[in-house]
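Here the structure comes first, spelled out in structure tokens, and everything after it is commentary.
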Amino acid sequence: SQQGEEDPQALSIQEGENATMNCSYKTSINNLQWYRQNSGRGLVHLILIRSNEREKHSGRLRVTLDTSKKSSSLLITASRAADTASYFCATTGDSGYSTLTFGKGTMLLVSP
Amino acid sequence: NAGVTQTPKFQVLKTGQSMTLQCAQDMNHEYMSWYRQDPGMGLRLIHYSVGAGITDQGEVPNGYNVSRSTTEDFPLRLLSAAPSQTSVYFCASSLQGGNEQFFGPGTRLTVL
């Protein structure tokens, strides 16, 4: 069963605007990761945030993690048409050997 | 480095046929995994391996077999294909489970 659930399922914005995607999960985690998938391609890792971190930045990406609410958000600032893709959150559990459990993803469309 | 490679890119099978999806990585990663991606379902873990000779089941292992005789290769075998196995299959690898995963380009499989 899916651990993470992204919200919204789809998001349409104009170039230059910010895009925010949210992820909620159910059980305790070791870390949470965000991936991007362009249409018809494999997933590409964007950023990893550990359970003891609250915020992380990478270029135009900002990720927050609230373990008390079991939620994370991904903010893409100053969006570009090239950011059009599906974005997935994935979590690893905090016990035993850690496999990744993916959510269903948010489809982001950035229009020129 | 080629990263993670998968063959074939596309495959059409008839119900009951068997086949092997190939996956190889040249990054000396211990952890490898197979996912299937269906519309609206995100990625679901089929099988994974934490090193040569060690494999384990994921969320949806039925109808699939794996083996890991070398660090580099992690083939996925469909024993008797069924239409429900029509999907896009992704192989991924990482230094350890729970770390950033590197994905292959995927194999699009159709079972008639």
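Given the structure is predicted, the values throughout are model-derived calculations rather than measurements. Here is the naming used below: chain letters follow the sequence lines, and residue numbers restart at 1 for every chain.
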Given side-chain contact (heavy atoms from CB on, under 4.5 Å), test A:Arg41 with B:Phe90 step by step and report yes or no. CA-CA 10 Å; A:Arg41 311 288 284 272; B:Phe90 289 100; over 6 Å; no
Give me the contact list for residues 43-74 of chain A versus chain B, heavy atoms only, anything under 4.5 Å, ordered by residue number. A:Leu43, A:His45, A:Leu48
Other residues, nucleotides and ligands only: do more than 12 of their heavy atoms fall within 6.0 Å of CZ on B:Arg77? yes
Pair B:Gln101-A:Gln33, side-chain donor/acceptor within less than 3.5 Å: no
Nearest-0.5 Å distance, CG of residue B:Asn99 to CG of residue A:Asn31: 7.5 Å
Flag yes if B:Leu21 and B:Val111 sit in one hydrophobic cluster, no otherwise; membership is Ile, Leu, Val, Met, Phe, Trp, Tyr, and two members link when side-chain heavy atoms are under 4.5 Å apart. yes
Can you tell me if CD on A:Glu17 sees more than 12 non-hydrogen neighbours from other groups inside 6.0 Å? yes
Please report the C-alpha distance between B:Tyr35 and A:Leu100 in whole Å, then the side-chain angles of each, then the deciding distance to 0.1 Å, and finally whether the side-chain contact (heavy atoms from CB on, under 4.5 Å) criterion is met. CA-CA 10 Å; B:Tyr35 298 88; A:Leu100 269 184; 3.7 Å; yes
Quick one: do A:Met21 and A:Ile13 end up in the same hydrophobic cluster if we chain Ile, Leu, Val, Met, Phe, Trp and Tyr together by side-chain heavy atoms under 4.5 Å apart? yes
Could you tell me which portion of A:Glu6 (side chain, backbone, both or neither) has an atom closer than 4.5 angstrom to a non-hydrogen atom of chain B? neither
Is there a continuous path of hydrophobic side-chain contacts, each under 4.5 Å between heavy atoms, that joins B:Tyr64 to B:Leu43? no
Among all residues two or more places apart in sequence or in another chain, which pass the side-chain contact (heavy atoms from CB on, under 4.5 Å) test with B:Pro39? none
If Ile, Leu, Val, Met, Phe, Trp and Tyr residues are connected whenever their side-chain heavy atoms lie under 4.5 Å apart, and connections chain through other members, are B:Val60 and B:Tyr89 in the same group? yes
CZ (A:Phe102) and CD (B:Glu59) are apart, to the nearest 0.5 Å, by 12.0 Å
Okay, B:Gln37 and chain A: the region with an atom under 4.5 Å from a heavy atom over there is side chain
Does a sphere of radius 6.0 Å around CE in A:Met107 hold more than 12 heavy atoms from other residues, nucleotides or ligands, not counting ones at 6.0 Å or beyond? no
From A:Lys104 atom NZ to B:Arg44 atom CZ, the distance as rounded to the nearest 0.5 Å: 9.5 Å
A:Val110 and A:Trp34: same hydrophobic cluster, using ILVMFWY side-chain contacts below 4.5 Å? yes
